[in-house]
2 protein chains.
Amino acid sequence: MATGRTHRPATRSRGIPEATVARLPLYLRALTALSERSVPTVSSEELAAAAGVNSAKLRKDFSYLGSYGTRGVGYDVEYLVYQISRELGLTQDWPVVIVGIGNLGAALANYGGFASRGFRVAALIDADPAMAGKPVAGIAVQHTDELEKIITDNGVSIGVIATPAGAAQQVCDRLVAAGVTSILNFAPTVLTVPDGVDVRKVDLSIELQILAFHEQRKAGEDAGHDDEESDDARAVAAREARRAVREVREAAAKGAPAADAPAGASDRKGPDGDVPAVMPA
Amino acid sequence: MATGRTHRPATRSRGIPEATVARLPLYLRALTALSERSVPTVSSEELAAAAGVNSAKLRKDFSYLGSYGTRGVGYDVEYLVYQISRELGLTQDWPVVIVGIGNLGAALANYGGFASRGFRVAALIDADPAMAGKPVAGIAVQHTDELEKIITDNGVSIGVIATPAGAAQQVCDRLVAAGVTSILNFAPTVLTVPDGVDVRKVDLSIELQILAFHEQRKAGEDAGHDDEESDDARAVAAREARRAVREVREAAAKGAPAADAPAGASDRKGPDGDVPAVMPA
DNA sequence: ATGTCTTTGTGAACGCGTGCACAAAGATGG
DNA sequence: CCATCTTTGTGCACGCGTTCACAAAGACAT
């Protein structure tokens with residue numbers, strides 16, 4: 001789900017299922033809201049509604065943490081807040097570095113959600129010498145040269161990468177080499193890391209593309225299909241199309257019999273009728 | 001996975017599994033990179049490595065789209081780029097509005113990944129009258145009052161919410177009422193939407209908390225456990241703790257026998273020894 | 001043509017996550 | 001102390017997603 005390489009079977013060590021871990025922050029947020037309103041206890045049903053999940057699922061999730069509820073009553077809000085915080089490791093604070101102080105990096109640095117929840121921005125790092133010394137969100141940006149020293153001196157184990165895609169892997173390698181073992185990656189690249197390092201990815205354009213897919217299907221279901229055929233017909237068309245492509249390539253090979261034909265952007269042909277709209281990365 | 005409310009059994013209509021859809025953008029990115037290097041064909045093994053997934057999974061994913069490969073050779077890069085683009089609905093461009101032009105909203109507006117991949121920022125909307133008219137990323141910010149008109153005039157069906165948590169649900173409701181059916185939510189709240197509307201959530205602090213969990217476990221596995229007991233012991237302790245909480249509450253009830261005791265931040269007590277560090281939302 | 005070699009496409013098994021439904025636990029009232 | 005009522009905790013079944021492993025398909029050489 002997160003790691004680019006690590007084929008971890010998720011939950012291994014007799015711990016909490018990964019899916020549950022991913023929901024704990026959700027519960028914590030809902031509970032904190034209740035806590036602020038001084039609500040003493042909450043039932044699984046109520047809390048589940050607040051967190052937007054099924055109540056049975058919530059109870060099962062909590063059962064992995066231990067039996068923290070009282071039958072007939074519900075859960076003690078304050079106590080549960082503490083237990084979840086503890087389970088998530090939020091009772092200590094984690095120094096975090098943000099690498100790549102562009103628009104996004106600066107926005108992250110200014111994001112209030114960090115400091116308030118056990119995370120402390122230990123440093124902002126950027127490769128641009130012109131940025132060095134400039135304050136962002138009240139913290140002076142430091143140059144990439146200092147990266148290793150910053151990590152070591154502050155005991156940083158969590159790094160946030162907000163650089164352009166091209167620099168991400170290199171930055172990642174340096175972070176890992178310096179001792180970082182958890183990375184939150186905003187760059188649109190697959191990061192390769194050694195075992196034992198966790199990577200989570202946040203990718204805006206991927207999210208949008210997933211939405212676009214569903215959006216298109218909604219539109220396609222309502223109206224008559226313009227560029228979409230039935231599933232069976234599509235499979236057949238696909239097979240024909242593949243054949244067409246092959247023939248084109250063979251013809252090309254005849255024309256230029258030498259090595260592998262550098263079939264650039266020239267001989268592409270939309271077998272489904274219209275010209276394929278290929279867009280850059 | 002995404003929707004806060006919609007209990008969609010994922011894949012329903014004989015289409016492509018949700019998990020596969022989520023990976024298509026990944027494949028597309030890897031393929032686009034290959035395309036730029038004019039690589040004509042690619043095997044499932046190579047492409048899988050580039051996308052950071054299992055090759056069998058990749059082949060199965062592609063099999064849902066149709067038979068686009070050639071046995072003994074691999075997949076035609078250009079053709080596959082087109083097919084995936086088409087499947088994801090990226091052959092048309094989607095007008096998108098961003099609501100909430102703070103640090104994050106501005107960063108999103110400036111993000112290049114939008115325009116280059118079939119998405120067009122149709123408008124930037126903010127509730128602050130002082131922002132109105134100010135250009136961000138070359139686009140003049142418009143006031144929230146114009147929201148409905150903007151959506152309708154531009155035929156916007158995808159909205160991005162980058163407002164503070166408090167305003168998110170209200171903005172969401174207005175977007176949906178105006179015709180938006182897909183929402184990308186950056187605000188740390190659970191959004192409630194009617195059926196047929198897709199919501200995907202991006203939550204920075206949740207991602208960090210998940211990382212913190214794993215980070216803590218890594219630390220706990222190496223060194224002697226400081227605040228973590230064995231799983232069995234923990235369950236027992238939990239039960240004892242719960243009992244302690246109950247007794248406290250009973251005592252409190254005796255002291256102030258009236259209605260529900262407003263157990264604010266005063267009578268909380270860390271049953272595991274130390275004081276619970278409860279942090280704000 | 002025929003055989004060999006590569007790579008796809010997929011049947012089948014397995015494991016995780018989800019949700020139902022219910023028994024056990026405890027609160028509450030008499 | 002007993003009965004009733006609420007809510008938790010969980011056994012169980014089901015479905016989705018992942019992975020293995022292999023047959024079929026096609027390229028390529030002879």
K.L.:
Whole angstroms only, please: what is the CG-C1' distance between L80(B) and dT8(C)?
P.N.:
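The answer, rounded to whole Å, is 13 Å.
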
K.L.:
Quick check: does any side chain N or O of Q216(B) sit under 3.5 Å from a backbone N or O of F213(B), one acting as donor and the other as acceptor?
P.N.:
no

K.L.:
Given dG17(D), dG9(C), dA21(C), identify the nucleotide with an atom nearest to the side chain of A19(B).
P.N.:
dG17(D)

K.L.:
Check the distance between dT8(D)'s C1' and Y64(A)'s OH and give it to me in whole angstrom.
P.N.:
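Those two atoms, OH and C1', are 15 Å apart.
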
K.L.:
Salt bridge check: are R217(A) and D198(B) linked by an N-O gap of less than 4.0 Å?
P.N.:
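Here R217(A) does not pair with D198(B) in a salt bridge, since their nearest N and O are not under 4.0 Å apart.
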
K.L.:
Which atoms of nucleotides 28-30 of chain D (N or O only) lie under 3.5 Å from a protein N or O atom, and what are those distances?
P.N.:
none

K.L.:
Measuring from the side chain of T70(B) (C-beta onward, heavy atoms only), which nucleotide among dG26(C), dT18(C), dG26(D) has the closest atom?
P.N.:
dG26(D)

K.L.:
Name all residues meeting the ring pair (Phe, Tyr, Trp, His ring centres under 6.0 Å) criterion together with F62(B); count only those two or more places apart in sequence or in a different chain, and write none if there are none.
P.N.:
Y27(B), Y75(B)

K.L.:
Is there a donor-acceptor contact under 3.5 Å from the side chain of T20(B) to the main chain of I16(B)?
P.N.:
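Side chain of T20(B) to backbone of I16(B): no pair is present.
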
K.L.:
Just compare dT8(C), dA27(D), dC20(C) and give me whichever is closest to any side-chain atom of S44(B).
P.N.:
dT8(C)

K.L.:
Distance check needed: dG26(D) P versus D76(B) CG, whole Å only.
P.N.:
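So the CG-P distance, D76(B) to dG26(D), works out to 16 Å.
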
K.L.:
How do T20(B) and F62(A) order along DNA chain D: which one's closest nucleotide is nearer the 5' end?
P.N.:
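Result: F62(A).
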
K.L.:
Over how many whole Å does the gap from K57(A) atom NZ to dT10(D) atom P extend?
P.N.:
18 Å

K.L.:
Where do L47(A) and A30(A) come nearest, in terms of heavy atoms and distance?
P.N.:
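Looking at all heavy atoms of both residues, the closest pair is CD1-CB, 3.8 Å.
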
K.L.:
To the nearest Å, how far apart are Y68(A) OH and dG26(C) P?
P.N.:
16 Å

K.L.:
In whole angstroms, how far is the P atom of dC5(D) from the CD atom of E45(A)?
P.N.:
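Atom CD in E45(A) sits about 19 Å away from atom P in dC5(D).
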
K.L.:
Got a list of protein N/O to nucleotides 22-24 of chain C N/O distances below 3.5 Å?
P.N.:
| unit_1 | atom_1 | unit_2 | atom_2 | d |
| --- | --- | --- | --- | --- |
| dA24(C) | N3 | R71(A) | NH1 | 2.7 |

K.L.:
According to the salt bridge (Lys or Arg N to Asp or Glu O under 4.0 Å) rule, which pairs have a member within residues 48-69 of chain A, sequence neighbours left out?
P.N.:
R23(A)-D61(A)

K.L.:
Look at Y75(A) and dG9(D) and indicate whether a side-chain polar atom (N or O) is within less than 4.0 Å of OP1 or OP2.
P.N.:
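Checking dG9(D) against Y75(A), a side-chain N or O does come within under 4.0 Å of OP1 or OP2.
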
K.L.:
If I take atom CD1 from residue I210(A) and atom CG from residue L88(B), how far apart are they, to the nearest 0.5 angstrom?
P.N.:
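The CG atom of L88(B) is 8.5 Å from CD1 of I210(A), to the nearest 0.5 Å.
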
K.L.:
Classify the side-chain pair E78(A)/Y82(A) by whether it contains a donor and acceptor separated by less than 3.5 Å.
P.N.:
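No.
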
K.L.:
To the nearest angstrom, how far is L58(B) atom CG from dC20(D) atom P?
P.N.:
14 Å

K.L.:
Under a 3.5 Å distance rule, please check whether W94(A) uses its side chain to pair with a backbone N or O of G89(A) as donor and acceptor.
P.N.:
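Flag set: sc W94(A) to bb G89(A) pair under 3.5 Å.
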
K.L.:
Check nucleotides 12-14 of chain D for protein N or O atoms closer than 3.5 Å to its own N or O atoms and list the pairs.
P.N.:
| unit_1 | atom_1 | unit_2 | atom_2 | d |
| --- | --- | --- | --- | --- |
| dC12(D) | N4 | K60(A) | NZ | 3.2 |

K.L.:
Here's a test of your reading of the structure: between D61(B) and G72(B), which maps to the more 5' nucleotide of DNA chain C?
P.N.:
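Final value for this comparison: G72(B).
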
K.L.:
Not counting sequence neighbours, list each pair that qualifies as a salt bridge (Lys or Arg N to Asp or Glu O under 4.0 Å) and has a residue in residues 206-216 of chain A.
P.N.:
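Salt bridge (Lys or Arg N to Asp or Glu O under 4.0 Å) check on residues 206-216 of chain A returns E207(A)-R200(B), E215(A)-K218(A).
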
K.L.:
Strictly by ring pair (Phe, Tyr, Trp, His ring centres under 6.0 Å), give each pair with a member in residues 32-54 of chain B just once, sequence neighbours left out.
P.N.:
none

K.L.:
Evaluate the side-chain contact (heavy atoms from CB on, under 4.5 Å) criterion for residues L31(A) and S35(A): first the C-alpha distance (whole Å), next the side-chain angles of each, then the deciding distance (0.1 Å), finally the verdict.
P.N.:
CA-CA 6 Å; L31(A) 284 164; S35(A) 171; over 6 Å; no

K.L.:
Of the nucleotides dC20(D), dA27(D), dT18(D), which has the atom closest to the N54(B) side chain?
P.N.:
dC20(D)

